Structure formats: C-alpha cells, structure tokens
Amino acid sequence: MGNIRLSIHSIEHSWLRDLFLKRRIELGLSQRALGEKMGVVHSFIGKVETGERRLDIFEFIAYCEGLELDPLAVLAQIKQHFP
C-alpha cells in the first residue's frame, strides 16, 4: 500500500468490497436487510459494494460489525494481503 490515497478502483478497495459482499451473501442478507441492521439506507450499502462510496474508519468499523466481522481481524487480513 504505497499510495496513501488509493483510488476506489484499486486492488485493495476491490478486495475489501469483495470481502464485504461475500460476507453479506454468506449471512443471507439483502442490501436492504444489512442497511436496516446498520441503521442506514440500503443505497449506502449498494454504493459501498459498487465502489461509489468510500468508508471512513468509523463507517468501516460499523460495516464490519453489521457483517459480524471483527474490524481488527479485517485490518490484519488487509495488512497480510497488502504489506
């Protein structure tokens, strides 16, 4: 991760979006259901999954928790995949 301001289309962002999408499907949640669980509109979920929307650190934590993922474990995976 040499570039501190990665494009939303970078391999790192694509990897994270893919992780989130797979987990949502694994949990059997629609975008609408995840949005309701997180207390956000479903279009927010869609925009994150398509790469239209980046997450700040607090949104990242809430998103992980909505998907029943440990944010620290996800960060460790990111660090492992993209040293």
Side-chain angles (χ1 to χ4, degrees):
M1 286 195 309
N3 183 352
I4 196 159
R5 183 81 174 145
L6 296 172
S7 161
I8 59 172
H9 304 293
S10 69
I11 191 168
E12 293 89 345
H13 279 284
S14 295
W15 180 89
L16 184 60
R17 287 194 315 271
D18 190 50
L19 174 77
F20 285 162
L21 176 61
K22 286 178 181 176
R23 180 63 177 163
R24 179 178 62 75
I25 292 169
E26 183 179 290
L27 292 172
L29 296 172
S30 65
Q31 289 181 351
R32 186 173 303 277
L34 179 58
E36 288 173 8
K37 184 176 181 181
M38 292 177 57
V40 298
V41 295
H42 72 278
S43 61
F44 173 84
I45 306 301
K47 288 179 180 182
V48 169
E49 289 184 358
T50 61
E52 288 181 58
R53 177 86 163 58
R54 293 172 64 121
L55 299 173
D56 70 25
I57 190 66
F58 301 104
E59 292 168 332
F60 168 81
I61 292 168
Y63 211 101
C64 287
E65 290 173 348
L67 292 171
E68 301 172 19
L69 295 170
D70 176 2
L72 294 177
V74 175
L75 289 174
Q77 287 179 32
I78 291 169
K79 188 164 173 99
Q80 178 184 0
H81 282 66
F82 307 101

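Source: prediction; values computed, not measured.
- Here His42 pairs with nothing under the ring pair (Phe, Tyr, Trp, His ring centres under 6.0 Å) rule; sequence neighbours left out.
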Which atom pairs, donor and acceptor, lie under 3.5 Å between side-chain atoms of residues 20-29 and protein residues at least two apart or in another chain?
unit_1, atom_1, unit_2, atom_2, d
Lys22, NZ, Asp18, OD2, 3.0
Arg23, NE, Leu67, O, 2.8
Arg23, NH1, Glu26, OE2, 2.3
Arg24, NE, Glu49, OE2, 2.5
Arg24, NH1, Leu29, O, 2.8
Arg24, NH2, Glu49, OE1, 3.0
Arg24, NH2, Glu49, OE2, 3.4

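- The distance from the OG1 atom of Thr50 to the CZ atom of Arg17 is 7.5 Å, given to the nearest 0.5 Å.
- Atoms CD and CG, from Gln31 and Leu34 in turn, are 8.5 Å apart once rounded to the nearest 0.5 Å.
- Under the side chain to side chain donor-acceptor pair (under 3.5 Å) criterion, the residue pairs touching residues 59-73 are Lys37-Glu68, Arg53-Glu59, with sequence neighbours excluded.
- By the 6.0 Å contact criterion, CD1 on Ile11 is open, its count of non-hydrogen atoms from other residues, nucleotides or ligands being 12 or less.
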**OP:** Decide yes or no on side chain to side chain contact (heavy atoms under 4.5 Å, CB included) for Leu55 and Phe44, but give the supporting numbers first.
**Re:** CA-CA 10 Å; Leu55 299 173; Phe44 173 84; 3.6 Å; yes
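- Contact between Gln77 and Leu19 at its shortest, heavy atoms only, is OE1-CD1, 4.1 Å.
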